[in-house]
*Asks:* 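After the structure tokens below, expect a handful of questions from me.
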2 protein chains.
Amino acid sequence: MQRVEDAAEPLEPVGRREQNKIDTRRAIAEAALTLARTKGAGSFTVDQIAARAGVSRRTFFNYFHSAEEALNVSTESFLELAISSFSRRPAGEPLLDAMIAALAATAKVQDLAVHGELFRMAAGSPELLRAQLHAWERAEARIIEAVTHHLQGGASPLYVSALVGSVLSCAKAAMHDWAADDPDRHGDAGAALEERMVLALSMLRDGFAHPA
Amino acid sequence: MQRVEDAAEPLEPVGRREQNKIDTRRAIAEAALTLARTKGAGSFTVDQIAARAGVSRRTFFNYFHSAEEALNVSTESFLELAISSFSRRPAGEPLLDAMIAALAATAKVQDLAVHGELFRMAAGSPELLRAQLHAWERAEARIIEAVTHHLQGGASPLYVSALVGSVLSCAKAAMHDWAADDPDRHGDAGAALEERMVLALSMLRDGFAHPA
DNA sequence: ATATTTCTTGCACAGTGTGCAAAATTTGGC
DNA sequence: GCCAAATTTTGCACACTGTGCAAGAAATAT
């Protein structure tokens, strides 16, 4: 495992302990992704990931519960970013508009190619798919919490969870659709995904009345 | 494993082979459910399930890929029923109405108590949760297929998958909400769930405009 | 009754996930 | 700089998972 030593960053008081953990996590995630690309999802072992990351098998399990979880750091960071983007929307803004804006903004920023890859990989690997679904589920719970807090008890739990679930389903649908004809990336990936996100969420906003 | 021999059913030409497999599957699923109830989800082994079902460990794996999958036969049969109910809706009917009707009808028929249990169990067992999410995902794919076929290419893939995903999210939200204050069942469970299904899907139909 | 197909079982084997205690590393006080 | 405390890594043991394979058992066809 190689530690990145360049460009000292005294801005944050991050001790070597913390930094080492971050590096280790990254190294493991990268190793997993590389193996998934070369050998195919689900066709490699934890030992191989650990070896490639320069870490013991046991240490791997200190960071992740399974090989698939290590592949999902990208997905999780995407959702993480979307959540924080949403929580920074103006307070008075209509819910759906805030969510559309947050997701669209996140789609622009992120390193998207990896997400397309992961979506496609998941199609052929049940374990990976389950892990991804789980990641989305955890994000959903957090968003529900955020929205509930944002609405200050002004809506029923059913309303909130149905809404958030629907929004995320649309986002997922957009990513699937985008990932599907992705293989040969042409033009701006961020724009293409953002467009689909907005499109799907607009459909949601008018109750799927028009089979566009 | 006990085979049910009573009430001969000469109506369907179901050979003993087929019948045995059905019985075995049932026996395993029941054994798993019983163990989940007594020892808690995720706190028992495949060997225990197999033993209780009167089957070898190896045979268990001929029927299910994991202990959690054995717990999900209820969930799968629920979704199975919903799908077949949907596919029997009149052809001209608006999509959302057809889906609302199908899900509501299914909510009435099914043995609901078990689903509430499973939803609550999943909250404390990541493996079970993943398996449930996976079951819903598979159902979603099948429904997307059915709807696509039903629409005869009259809608974009994005539209269909966003719609179906949203509908299922609402159904899931309804079941969660229903399962949450379920512990002491009061009155008609089917009616209570159906009401929430219709409510959530109505919200969806008008684009979540009113935070009811 | 017997040949054939299908299902069950035991066994082997590679891999998973976790508790535990002994190194190894980082941190903080002196 | 040096030592003690806190934290992280690692090896090891162990129970359990999931699957291929071949032999045995049961159902079906002839």
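Just so we're on the same page: letters track the sequence lines, and every chain starts at 1.
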*Asks:* Can you tell me if the side-chain N/O atoms of A/Asn20 get under 4.0 Å from OP1 or OP2 in D/dT8?
*Replies:* no
*Asks:* Go nucleotide by nucleotide along DNA chain C from the 5' end; which of B/Glu127 and B/Phe60 gets its closest nucleotide reached first?
*Replies:* B/Phe60
*Asks:* Side chain of B/Arg58, base of C/dT9: donor and acceptor closer than 3.5 Å?
*Replies:* no
*Asks:* Separation of A/Asn62 atom CG from C/dA21 atom C1', in whole Å?
*Replies:* 14 Å
*Asks:* Using whole Å, report how far CD of B/Glu68 lies from C1' of D/dT17.
*Replies:* 11 Å
*Asks:* How many Å lie between CZ on A/Arg57 and P on C/dG17, as a whole number?
*Replies:* 8 Å
*Asks:* Can you find an N or O donor on one side and an acceptor on the other, under 3.5 Å apart, linking the side chain of B/Arg16 with the base of D/dA26?
*Replies:* no
*Asks:* Which is true for B/Asp47 with a 4.0 Å heavy-atom rule: it touches a base, it touches only sugar-phosphate, or it touches nothing?
*Replies:* sugar-phosphate
*Asks:* Without swapping roles, check the side chain of A/Gln48 against the backbone of A/Thr45 for a donor-acceptor pair under 3.5 Å.
*Replies:* yes
*Asks:* For the residue pair A/Ala131 and A/Glu68, what are the closest heavy atoms and their distance?
*Replies:* CB-CB, 3.8 Å
*Asks:* Quick one: A/Gln19 CD to D/dT8 C1', roughly how many Å, whole number?
*Replies:* 15 Å
*Asks:* Just checking A/Glu69: does its CD atom have more than 12 heavy atoms from other residues, nucleotides or ligands closer to it than 6.0 angstrom?
*Replies:* yes
*Asks:* Is the shortest side-chain N/O distance from B/Thr59 to OP1 or OP2 of C/dT9 below 4.0 Å?
*Replies:* yes
*Asks:* Has B/Tyr63 got a side-chain N or O lying under 4.0 Å from the OP1 or OP2 atom of C/dC7?
*Replies:* no
*Asks:* Counting N and O atoms only, with roles assigned by atom type, does the side chain of B/His115 sit under 3.5 Å from a partner on the main chain of B/Met175, one being a donor and the other an acceptor?
*Replies:* no
